[in-house]
Protein chains: 2
Amino acid sequence: MAGNTSGENSETMGIGEVARRTGLSVHALRFYEREGLLVETVRRGPDGRRRYGADDLEWLEVCIKLRSSGMPLRAIRRYAELVGEGPGNEDERLALLLRHRDDVAAQIGALTSCLDMISTKVEIYQASVTDHSSDPIWAR
Amino acid sequence: MAGNTSGENSETMGIGEVARRTGLSVHALRFYEREGLLVETVRRGPDGRRRYGADDLEWLEVCIKLRSSGMPLRAIRRYAELVGEGPGNEDERLALLLRHRDDVAAQIGALTSCLDMISTKVEIYQASVTDHSSDPIWAR
DNA sequence: CCTTGACCTAGAGCCGGCTCTAGCATCTAC
DNA sequence: GTAGATGCTAGAGCCGGCTCTAGGTCAAGG
């Protein structure tokens, strides 16, 4: 059996295992690394293959959350750079996070307003589906 | 003065005016029409130019809300088709809206969880920025 | 030995959703 | 009658974010 495919609690994982655990594709993992999202490039085994540790996994989960909340790769890269530079730039990290927090809050607000509209339409259509006489409602 | 650029309450508007009012670009407006998002193709003036009515504007606002909540153009097109077919397919419109409503709710859920993570980090960094002694915190 | 499977790099390709360009028509105001 | 604004079409281009391909390495197992 090649690699550590089924390694449940191995100290370091191959890229396939990380893909399984994070839900990212191996392609995406290599892509993220090329794009500089990973604080430091992943360590390699003596065979030149990537070996991920638990810390890498944790950081990837952070990246995934940032991405899934719409942070562009550029910004995540910047954050990773700041983290990689070590202590001393907490103010900049904070500023970046605050900006993104506002952004996410705004997204939630916008989505909530969309949800309202959709729910209103849903109610209208539910009425027109159960009660056929309300067909000619001017609903779109 | 060409067109009805400043028409505040004109019965029909040119594409530029609609762009101003919706925030979409004229390019995007023509693009949306080509893509079939507009229920029926926009009426034209005798000069061959698009004339938008208040109903078009309302529909565009719906499209904008659907788009901004992440509904793909394909789905909006489908919804527009259903609306364009007139009464009789309310069940299908409803199904489509319900699917999207679930989707939006899920998005809000995901974003809220991201917001939590970000807020946690914000707190950590706010502490480390005000209180310099907490620098060596293992924060990322 | 040879197959299988996990992994590697470099780089091309793709998809959604616009955005922009070229080249032209029309209208109004000066 | 010409400048400037507004509009038209067809189609090319762009950007972000992956995704996939080609061609190869390496280790274990049968």
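Sequence lines set the chain letters: A, B, ... in the order given, protein chains first and strands last, and positions in each chain run from 1. Since this is a predicted model, take the numbers as computed values, not measurements.
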*Pair A:Lys65 + A:Glu61, salt bridge at N-O below 4.0 Å*: no

*Can you check the B:Glu33 CD to C:dG17 P distance for me, whole Å?*
18 Å

_Just checking A:Glu81: does its CD atom have more than 12 heavy atoms from other residues, nucleotides or ligands closer to it than 6.0 angstrom?_
yes

_Spacing of A:Leu29 atom CG relative to D:dG17 atom C1', expressed in whole Å_ = 14 Å

*Run the side chain to side chain contact (heavy atoms under 4.5 Å, CB included) check on A:Leu96 and A:Arg78 step by step: do they pass?*
CA-CA 9 Å; A:Leu96 193 153; A:Arg78 181 65 191 136; 3.9 Å; yes

*Measure the distance from CZ on A:Arg51 to P on C:dA6 and round it to the nearest whole Å.*
13 Å

_Contact list please: residues 58-77 of chain B against DNA chain C, heavy atoms, distance less than 4.0 Å, in numerical order._
B:Arg67, B:Pro72, B:Leu73, B:Arg74

*Integer-rounded Å distance: D:dC15 C1' and A:Phe31 CZ*: 12 Å

*May I have the distance from A:Glu35 (atom CD) to C:dG11 (atom C1'), rounded to whole angstrom?*
13 Å

_Side chain of A:Tyr32, heavy atoms from C-beta onward: which of C:dT19, D:dC18, C:dC8 has the nearest atom to it?_
D:dC18

*Under the 3.5 Å rule, do the base of D:dT6 and the side chain of B:Arg49 count as making a donor-acceptor pair?*
yes

*Taking only N and O in the side chain of A:Arg30, is any of them less than 4.0 Å away from OP1 or OP2 of C:dT9?*
no

*Value in whole Å for how far the P atom of C:dC18 lies from CG of B:Leu24*: 8 Å

*Closest to side chain of B:Arg34, choosing from D:dC26, D:dG11, C:dC18*: D:dG11

*Rounded to whole angstrom units, what separation is found between the OH atom of B:Tyr52 and the C1' atom of D:dC8?*
12 Å

_Within 6.0 Å of CD in A:Glu85, more than 12 heavy atoms from elsewhere_ = yes

_Interatomic distance, B:His27 NE2 vs D:dG13 P [rounded to whole Å]_ = 16 Å

*List the steps, then state whether side chain to side chain contact (heavy atoms under 4.5 Å, CB included) holds for A:Asp56 with A:Arg43.*
CA-CA 10 Å; A:Asp56 294 316; A:Arg43 287 148 290 173; 2.7 Å; yes

*For the pair A:Tyr52 and A:Thr22, evaluate side chain to side chain contact (heavy atoms under 4.5 Å, CB included) and give the outcome as yes or no after the intermediate values.*
CA-CA 12 Å; A:Tyr52 295 82; A:Thr22 58; over 6 Å; no

*Side-chain donor or acceptor of A:Gln107 paired with backbone N/O of B:Leu111 under 3.5 Å*: no

_Options C:dT9, C:dG5, C:dC27, nucleotide nearest the side-chain atoms of B:Asp47_ = C:dC27

*Nucleotide of C:dG5, C:dT19, D:dC8 approaching B:Ile15 most closely (side-chain heavy atoms)*: D:dC8

